[in-house]
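To start, the structure itself, in structure tokens.
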Amino acid sequence: MIFKRKKSKAEPAAEQAAGAVEQAAETAAEGAAPAEQQPAKKPTLNGPFDFADIENTDDYLDFGSILVKPVAGLKVRMDVEQSNQRVIAVSLELAESRVQLMAFSASKSTSLWPGISDKIREDIASQNGEIYQRDGEYGQELLAQVPQQLPDGRAGHVALRFVGVDGPRWFLRAVIGGAAIGDEEASQAIDDLLRSIVVNRGDKPLPPQELLPLNVPHNAQTRPDAEAPAEAGNPDAAAQRPERGPEITQIG
């Protein structure tokens, strides 16, 4: 395993991804019902898993509240809140697809997704973006087009998919982008990666919506990269934009 920093890469063709979002949104709009009328779906055989359900995590990259099972070609980056240098998310990149993961504490009986999805809608609307709702593996999920300047300077859009997963006293938010939006094979690879994630809530009493702690794996060796910019297309950027933290590259 090689630990290194990576300079920013150009976004994939945003117009193609945006078109994929529009097509999926049209299908979703035909039969979608309001989120509050849809009971949350809970997978039985697939993850994301709770830490207590995994017998051996030796093969995982342990980031504290989020554990990642490495696959060939997977790149991992930790996103850091600039104001206090707190690690707030783990971002995974596989080929030309990306998924950002954030874990929160939750109550035993109430899902955080309705409130979080409403906040996402507000953030997208504040950026003059478009957002759609559809049924997914874990219940209602969101598809969005967010205005963004393309690498050649033209105005375009970045396409994003938002997924919420309820676990035992935890909630996992996933933001998916890149090739996984419009390419079926790439989407399947990211979905498989998401199903393999393990969340470690811990036993400490926490109020709902508290961000669960993340840290660099104990055996990681990293160095800062001042040239790497903040993650583009993050819908939370309007409020507080995270900067790129240390990146870990898995080769194999």
Side-chain angles (χ1 to χ4, degrees), residues 1-25 27 47-48 61 63 66 68-79 89-102 120 124 127 129-132 134 136-137 141-163 172-197 225 227-237 241-252:
M1 184 177 296
I2 298 176
F3 299 88
K4 68 177 185 179
R5 298 287 306 151
K6 180 182 178 183
K7 294 183 179 179
S8 60
K9 296 173 62 178
E11 289 285 337
E15 296 96 333
Q16 296 180 3
V21 173
E22 291 178 346
Q23 183 178 2
T27 302
L61 292 173
F63 293 90
I66 295 176
V68 178
K69 193 167 188 178
V71 297
L74 178 67
K75 299 177 182 179
V76 185
R77 188 187 68 248
M78 302 187 72
D79 296 332
V90 174
S91 291
L92 311 177
E93 182 176 335
L94 187 61
E96 297 299 325
S97 301
R98 298 172 304 282
V99 54
Q100 184 196 64
L101 302 172
M102 300 179 74
I120 292 172
I124 298 299
Q127 299 177 66
E130 299 179 8
I131 194 160
Y132 314 93
R134 72 174 186 183
E137 182 174 351
E141 59 185 43
L142 301 176
L143 296 169
Q145 294 182 69
V146 185
Q148 179 176 302
Q149 187 176 32
L150 301 178
D152 61 6
R154 292 182 298 133
H157 292 80
V158 60
L160 299 170
R161 173 184 165 208
F162 296 84
V163 179
L172 183 69
R173 192 193 82 161
V175 184
I176 299 168
I181 298 296
D183 183 272
E184 184 176 351
E185 184 176 350
S187 178
Q188 182 63 49
I190 287 296
D191 285 346
D192 288 343
L193 185 60
L194 180 58
R195 294 185 192 104
S196 72
I197 296 299
D225 184 357
E227 298 180 7
E231 178 71 4
N234 187 344
D236 295 333
R241 180 181 295 274
E243 66 177 9
R244 287 185 180 233
E247 180 174 282
I248 302 170
T249 303
Q250 169 71 23
I251 299 177

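What you are looking at is a predicted structure, and each value in this text was computed from that prediction instead of being measured. Numbers here simply count residues along the sequence, with the first being 1.
- Here the closest non-hydrogen pair linking Arg134 and Leu143 is CD-CD1, 3.7 Å.
- The minimum heavy-atom distance linking Glu96 with Arg98 is given by the pair O-NH1, 3.8 Å.
- Of all non-hydrogen atoms in Ala89 and Met102, the two that sit nearest each other are CB-CG, 3.6 Å.
- Taking 4.0 Å as the cut-off between side-chain N and carboxylate O, Arg77 and Glu93 do not count as a salt-bridged pair.
- Between Asp152 and Arg154, the shortest heavy-atom distance links the atoms OD2-NE, 2.7 Å.
- In this structure the side chain of Ile197 reaches within 4.5 angstrom of the side chain of Leu92, judged on heavy atoms.
- Across every non-hydrogen atom of Ser91 and Gln100, the tightest pair is OG-CG, 3.4 Å.
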Step-by-step side chain to side chain contact (heavy atoms under 4.5 Å, CB included) determination, Phe63 to Leu101: CA-CA 11 Å; Phe63 293 90; Leu101 302 172; over 6 Å; no

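- Residues satisfying the side chain to side chain contact (heavy atoms under 4.5 Å, CB included) criterion with Ser97, sequence neighbours excluded, are Ala179, Ala180, Ala186, Ile190.
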Working for side chain to side chain contact (heavy atoms under 4.5 Å, CB included), residues Leu142 and Ile124: CA-CA 11 Å; Leu142 301 176; Ile124 298 299; over 6 Å; no

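- Counting only heavy atoms from C-beta outward, the side chains of Val68 and Leu74 approach each other to under 4.5 Å.
- The side chain to side chain contact (heavy atoms under 4.5 Å, CB included) test applied to Gln188 returns Asp192, Arg195, not counting sequence neighbours.
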